[in-house]
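Here is how names work: the chains are called A, B, and so on, in the same order as the sequence lines, proteins then strands, and each is numbered from 1. FYI, side chains are in, hydrogens and waters are out, and symmetry mates aren't considered; it's all heavy atoms of this structure. Bear in mind the structure is a predicted one, so any value in this text is a computation, not a measurement.
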Amino acid sequence: MSKLEHRVYQKLLKVPKGKVTTYGELAKAVGLENGQRVIGQIMNKNPFPVIIPCHRVVKSDGKIGGYYYGEKVKTKMLSDEGISVKNGKIQDWKETIFRF
DNA sequence: CGGCTGGCGTCGT
DNA sequence: TACGACGCCAGCC
């Protein structure tokens, strides 16, 4: 695992349950101002889906975005953590997002 | 080193 | 609101 991936996972682990972050925020958090897609690649290759909460990473416009196991699963996991999702979008977006 | 690919982001229509 | 077109950047040919 590269240094970059390691940093990304560490940052992601700081996101508390019940909150989410975005690909862009996460990218900036590890030093990549415009590396949003890279975050996606890393999440997709996530070797520890159990300890890495990649379902807490969503798109900057409040939409859920993709997920290795499917958006339905991602949506369910988020709602189980107390985040309301409607039509593939986060409801109280501003209140739910976590900023580093 | 060059070209392509994506769990994205932003802007224009 | 919903597409399409670009831009972005690490990783894999």
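Scanning DNA chain B 5' to 3' for nucleotides with an atom closer than 4.0 angstrom to a non-hydrogen atom of chain A gives a first and last hit of dG6(B) to dT10(B).
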*Taking Watson-Crick and G-U wobble pairs with both distances under 3.5 Å, convert DNA chain C into its dot-bracket string, 5' to 3', dots for unpaired and | for cross-strand pairs.*
.||||||.|||||
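Position along DNA chain B of the nearest nucleotide to Gly24(A) versus Val38(A) favours Val38(A) as the more 5'-ward residue. DNA chain C is contacted by both Lys89(A) and Gln41(A); Lys89(A) maps to the nucleotide lying nearer its 5′ end (nearest heavy atom per residue). Both Lys45(A) and Asn34(A) lie near DNA chain C, and the one whose nearest nucleotide falls closer to the 5' end is Asn34(A).
Heavy-atom distances under 4.0 Å link DNA chain C to no residue of residues 91-100 of chain A.
With hydrogens and angles ignored, a donor-acceptor pair under 3.5 angstrom links the side chain of Arg37(A) to the base of dG7(C).
For Asn46(A) and dA10(C), the CG to C1' distance is 16 Å, given to the nearest whole Å. Across the protein-nucleic acid pair, Glu33(A) atom CD and dG7(C) atom C1' stand 15 Å apart, rounded to whole Å. Between the NZ atom of Lys28(A) and the P atom of dC8(C) there is a distance of 16 Å, rounded to whole Å. Atom OH of Tyr23(A) and atom P of dC9(C) are 19 Å apart (whole Å). We find that CE of Met43(A) is positioned 15 Å from P of dA10(C), with the value rounded to whole Å.
Cluster annotation: Ile90(A) and Val15(A) are assigned to distinct hydrophobic clusters (Ile/Leu/Val/Met/Phe/Trp/Tyr, side-chain heavy-atom contacts under 4.5 Å, transitive).
Inter-residue side-chain proximity for Ile64(A) and Leu78(A) is flagged as met; some heavy-atom pair is nearer than 4.5 Å. Side-chain contact between Trp93(A) and Val20(A) is present, with at least one heavy-atom pair separated by less than 4.5 Å. At a threshold of 4.5 Å between non-hydrogen side-chain atoms, the residues Val38(A) and Val30(A) do not count as touching. Gln10(A) places none of its side-chain heavy atoms less than 4.5 Å from the side chain of Leu12(A). A 4.5 Å side-chain heavy-atom check between Tyr67(A) and Thr75(A) finds every atom pair outside the cut-off.
Taking every heavy atom of both residues into account, Tyr69(A) and Pro49(A) meet most closely at OH-CG, 3.7 Å. Between Met43(A) and Val8(A), the shortest heavy-atom contact is CE-CG1, 3.5 Å.
Using a 4.0 Å heavy-atom criterion, one finds that Leu4(A) contacts the sugar-phosphate atoms exclusively.
Glu5(A) has no carboxylate O lying under 4.0 Å from a charged side-chain N of Lys45(A), or vice versa, which leaves the two without a salt bridge.
Side-chain N/O atoms of Glu25(A) and Thr22(A) include no donor and acceptor closer than 3.5 Å.
One finds the CE atom of Met1(A) at 6.0 Å from the OH atom of Tyr9(A) (value rounded to the nearest 0.5 Å).
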